[in-house]
Amino acid sequence: MMTRTLSWLLIPALFSAGPGASSRSPEGQVTAISLSSSGGTARFSVSIDGGATVRDFQLHSPERLILEVSPATKGDLARYDGLRRGIVSAVRATQFDSATVRIVLEFDRMPNFTVDKGTPGLVTIAYTDGPFESWQAGAGGEKLVSRSARVMAPVAGEAAPPPAAEAPYVPQQQGGLIDVTFNKTPIADVLDIFAKKAGVSIVPGAKVTGDVSMTITNQTWQHAFDALLAQQGLAATIMPGGIIRVDAPGELAKLDSIEILKTEVVRLNYAKAGEMSKILVGMLTKNRGSVLPDTSNNALIVTDTRTKLPGILDFVKSLDLRPSTVAIQARLIFVDRTNLEQLGVKYDIGNNNQFFNKLIQRTDPLTGQPYNPNVNVVNLGGNAISAISNADALISGSALDLVFSTAIGGFSVTSFLSALERVELTDVEAVPQVNVISNQKATILSGEETPIRVIDASSFGQINTAPRASVQLKTTGIQLTTTPSVTADRHIVMDLDVERSSIQQLSASDLGYNFPKQHSTSRLLVADGEVAVMSGLVVTSVTRNRQSIPLLGSLPFIGKLFSFTTDQENRKDLIILVTPRILDDPNQQN
C-alpha cells in the first residue's frame with residue numbers, strides 16, 4: 001500500500017513581491033538558484049530578473065553543465081553548502097565577466113537531461129536522480145521551487161526524463177510560512193485552497209467528505225497539509241501526470257491491486273544480482289511485485305506496477321556503485337637478538353693406580369693404549385684419591401679452552417677452563433602489499449611449505465612391521481589477510497590478520513619441530529594514506545645458570561674458580577605498520 005507523495009509537488013507557493021519593489025535594470029540579474037529532487041527526477045532552476053539570454057553547453061573531466069546568462073549580473077546568492085546531492089558534486093555561480101554570469105553544475109557522471117527555457121524569467125534543467133535534500137540560494141526561493149516543480153517538456157534532440165514515480169514524502173523546511181484557519185469548512189474546499197496555494201492538482205476520492213476545523217499559524221505548506229491528512233485520517237499518493245490523489249488508506253491500497261504490471265530487465269555493473277534481489281524484496285508491491293536474479297548475466301528481472309517500478313529501478317541504480325580499490329602495504333619488522341656468556345673450570349685429580357677415566361684417558365702400561373673411556377680404575381687396596389669436579393658441565397662450541405696440568409706428590413692435577421661469548425641476531429623485514437576491492441577479502445603469503453613426518457604411536461610394537469607414518473605440509477612464512485571497506489567520507493575500515501612463522505627442528509630424530517610464530521589480528525579506522533601501527537611487541541627473557549663445587553664455589557672472590565656459569569639474554573622485537581591508500585578518483589565514482 002502506497003500512501004506517500006512527492007516532496008517536490010508539495011512545496012509551498014506564496015507568490016508575493018515585497019512592497020515598493022524597484023524597477024528592473026536594463027540588464028538581467030540572476031536572483032536565485034535551487035536544486036531539488038523527488039520521484040526519481042531532479043531539477044536545477046535558475047531565476048532571472050530582466051531581459052537576458054541563456055546559453056548552455058557541456059564540459060568534461062570532470063563532467064559539467066554550463067549555463068551562461070548575458071547580459072546579466074549575479075545577485076546576492078549564497079555559496080553552495082558543499083554537500084553531495086545525488087550525482088551533483090558542486091554548484092558554482094560566478095560573474096564570469098562584466099556582462100556574463102556563469103553557472104556551473106558539476107556531476108559525477110553526465111546524465112540525460114532536458115533544458116526548459118519556455119517560462120519567462122526561469123530556466124530549468126531536469127534529469128533522473130535519486131532523492132536528496134533540496135537546496136536554494138537567493139531571494140524568491142519559494143516561487144522558484146514552485147515553478148521548477150512543473151513537468152518540463154523535452155527540447156529537440158534530448159531524451160525526456162522518465163515519468164515521476166511514487167516517492168517518499170519528505171517535508172521541506174525551506175519556503176514561506178502560512179497561516180490558515182478553517183471553521184467547519186467542507187474538506188473539498190480546503191483541499192482546493194491548498195492546491196491553489198501550491199500550484200498543484202489535488203483530487204479527493206469519492207468518499208472524502210466531512211468538515212474541517214483547524215487553525216495553523218506560521219507553518220510551512222507541507223506541515224499544514226500533513227496535519228490536515230492526519231486530522232481526517234487520510235493519505236496522499238501521486239498519480240501519473242503529477243496529480244495528487246487524496247483518499248482513505250484502504251482506497252489507495254486498491255489502486256495497487258488493479259494497476260497494470262510492467263516488467264523491466266536491469267543489468268548490473270558492479271553489484272551481484274543475487275544479493276541485490278534480496279534487498280529489493282521488501283520494496284515490491286505485496287502479492288504482486290517480484291524480482292528474479294539472472295546470475296549468468298548479472299541482471300535483475302523486476303515486475304511491479306507502472307507507478308512504482310521507476311522508483312525501484314532508480315533505487316537499484318543508486319546502489320550499483322563502482323567499488324573503490326584499496327592498496328594495502330604492511331611493513332613487518334622482527335628482530336631476535338640473543339647474548340650468551342659461559343665460563344667454567346673443571347678439575348681432574350688421579351694417579352697411575354687410581355683415576356676416573358671420564359675426562360683424561362690414561363694409558364694402560366701393559367698395552368700402551370688408552371684405557372676405554374667408560375672404564376674407571378679405582379685401587380681399593382691402598383690410600384689414594386681421585387676426583388673430578390664439574391664433570392658433566394660442558395660448553396658446546398667453546399671459544400676458549402685452557403688446560404693446566406701439574407704434579408703434586410704422586411698425583412697429577414689437571415684443570416680445564418672453557419669460555420664462550422656468543423651473539424645471535426636475526427633481523428627480518430617484510431613489506432607485503434596487496435590491492436583489493438572494497439569489502440572483499442585478500443590474502444598474500446610469502447613463505448614455504450615444509451613436509452613433516454607424523455608417526456602413528458599405535459603402530460609401535462607390531463612384530464616385523466615398521467611404524468606407520470604420514471606426511472603433513474606445514475605452511476610457514478609471512479601472511480597478510482585483509483578486508484578493507486571504504487567509508488562515505490573516504491576513510492578506510494580494515495580487518496587485518498598478520499602472521500609471521502618459522503620452523504625449527506628439535507632433533508635429527510622424530511622428536512618433532514618447533515614453530516615460533518608472531519600473530520596479530522585487529523580492526524583499524526584510518527585515513528587515506530595514513531600509517532597505522534597495528535601492533536608492537538617487545539619480549540625480553542634472561543636465563544642464568546650456575547653449577548659449582550659445594551663450599552668451594554661459595555667462597556668470595558675465588559668461588560668462580562670452582563663453578564660453571566651461563567648467562568643468556570634473549571630479546572624479541574615485533575612491529576607491524578600498515579598503510580592503506582585508495583586508488584580511485586572520487587570524481588569518477590558512479
Side-chain angles (χ1 to χ4, degrees), residues 37 42 59-64 80-91 105-111 127-133 266-280 293 295 297-300 313-332 431-445 479-498 520-534 576-590:
S37 170
L59 295 177
H60 304 283
S61 298
E63 302 295 332
R64 289 159 290 170
Y80 188 62
D81 57 11
L83 297 179
R84 182 177 295 274
R85 288 176 167 84
I87 60 174
V88 174
S89 58
V91 178
L105 191 61
E106 186 170 319
F107 298 97
D108 292 337
R109 54 179 174 80
M110 185 63 68
Y127 57 92
T128 301
D129 202 349
F132 54 79
E133 182 182 357
V266 183
R267 292 291 300 271
L268 301 177
N269 295 319
Y270 310 106
K272 299 297 183 181
E275 299 175 358
M276 183 68 73
S277 63
K278 298 177 182 178
I279 299 175
L280 295 182
T295 55
N297 296 313
N298 197 34
L300 296 174
L313 300 183
D314 288 339
F315 178 77
V316 172
K317 293 178 181 178
S318 67
L319 293 183
D320 188 24
L321 300 177
R322 185 179 66 185
S324 299
T325 301
V326 183
I328 298 179
Q329 182 183 77
R331 181 178 295 273
L332 187 147
V431 188
Q433 179 170 328
V434 61
N435 295 353
V436 60
I437 295 176
S438 179
N439 297 315
Q440 298 298 319
K441 183 178 179 180
T443 301
I444 185 171
L445 172 65
Q479 179 172 315
L480 169 65
T481 302
T482 178
T483 304
S485 178
V486 179
T487 63
D489 59 352
R490 308 291 288 176
H491 282 69
I492 304 171
V493 178
M494 292 185 298
D495 290 323
L496 275 168
D497 190 300
V498 181
S520 179
T521 301
S522 180
R523 168 171 284 193
L524 305 176
L525 174 62
V526 295
D528 184 11
E530 179 182 0
V531 179
V533 179
M534 182 176 173
I576 300 176
L577 307 175
V578 181
T579 307
R581 290 182 175 86
I582 303 175
L583 301 182
D584 300 284
D585 184 355
N587 293 325
Q588 297 180 358
Q589 295 293 320
N590 289 339

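Nearest heavy atoms, Gln440 versus Pro484: O-CD, 3.5 Å. Smallest separation of non-hydrogen atoms from Gln433 and Gln329: OE1-NE2, 3.1 Å. For the residue pair Ala273 and Ala299, the shortest heavy atom distance occurs at CB-O, 3.5 Å. A pairwise comparison of heavy atoms in Pro131 and Ser37 identifies CA-OG, 3.5 Å as the closest pair. Contact between Pro293 and Leu300 at its shortest, heavy atoms only, is CA-CD2, 4.1 Å. Considering all non-hydrogen atoms of both residues, Pro580 and Glu530 come closest at CD-O, 3.3 Å.
Between Asp495 and Thr481, every side-chain heavy-atom pair lies at or beyond the 4.5 Å cut-off. His491 places none of its side-chain heavy atoms less than 4.5 Å from the side chain of Asp528.
Formation of a donor-acceptor pair under 3.5 Å by the Ser438 side chain with backbone atoms of Val486 is found in this model. A side-chain donor-acceptor contact under 3.5 Å links Asp129 to the backbone of Ile87. Side-chain N or O atoms of Ser520 include none that pairs as donor or acceptor with a backbone N or O of Val498 at under 3.5 Å. Panel note: side chain Asn439, backbone Ser485; no donor-acceptor pair is recorded below 3.5 Å. Of the possible polar contacts, none joining the Arg109 side chain to the Glu63 backbone as a donor-acceptor pair under 3.5 Å is found.
Remark: Ala271 engages Leu268, Met276, Asp320 in a side chain to side chain contact (heavy atoms under 4.5 Å, CB included) (not counting sequence neighbours). By the ring pair (Phe, Tyr, Trp, His ring centres under 6.0 Å) test, Tyr80 is found to be paired with Trp135, residues two or more places apart in sequence or in another chain being considered. Shown here are the side chain to side chain contact (heavy atoms under 4.5 Å, CB included) partners of Lys272, two or more places apart in sequence or in another chain: Glu275. By the salt bridge (Lys or Arg N to Asp or Glu O under 4.0 Å) test, Arg331 pairs with Glu429, sequence neighbours left out. Scanning for salt bridge (Lys or Arg N to Asp or Glu O under 4.0 Å) contacts around Arg85 gives Asp81, with sequence neighbours left out. Scored by the salt bridge (Lys or Arg N to Asp or Glu O under 4.0 Å) test, Asp497 finds no partners at all (sequence neighbours excluded).
One finds the CG atom of Leu524 at 9.0 Å from the OG1 atom of Thr482 (value rounded to the nearest 0.5 Å). Atom CG of Leu480 is separated from atom CD1 of Ile328 by 7.0 Å, given to the nearest 0.5 angstrom. Met110 contributes atom CE, which lies 8.5 Å from atom CG of Leu105 (distance to the nearest 0.5 angstrom). Rounding to the nearest 0.5 Å gives a distance of 12.0 Å between CD of Gln479 and CG of Leu332.
Counting non-hydrogen atoms of other residues, nucleotides and ligands closer than 6.0 Å to CD1 of Ile444 gives a total above 12.
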Notebook entry, point to check: Between Asn269 and Arg322, does a side-chain contact (heavy atoms from CB on, under 4.5 Å) hold up when you go through it step by step?
Noted result: CA-CA 8 Å; Asn269 295 319; Arg322 185 179 66 185; over 6 Å; no
Margin query: Under the criterion side-chain contact (heavy atoms from CB on, under 4.5 Å), I'd like the reasoning laid out for Thr128 against Lys317: C-alpha separation, chi angles, the key distance, then a yes or no.
Written below: CA-CA 11 Å; Thr128 301; Lys317 293 178 181 178; 5.7 Å; no
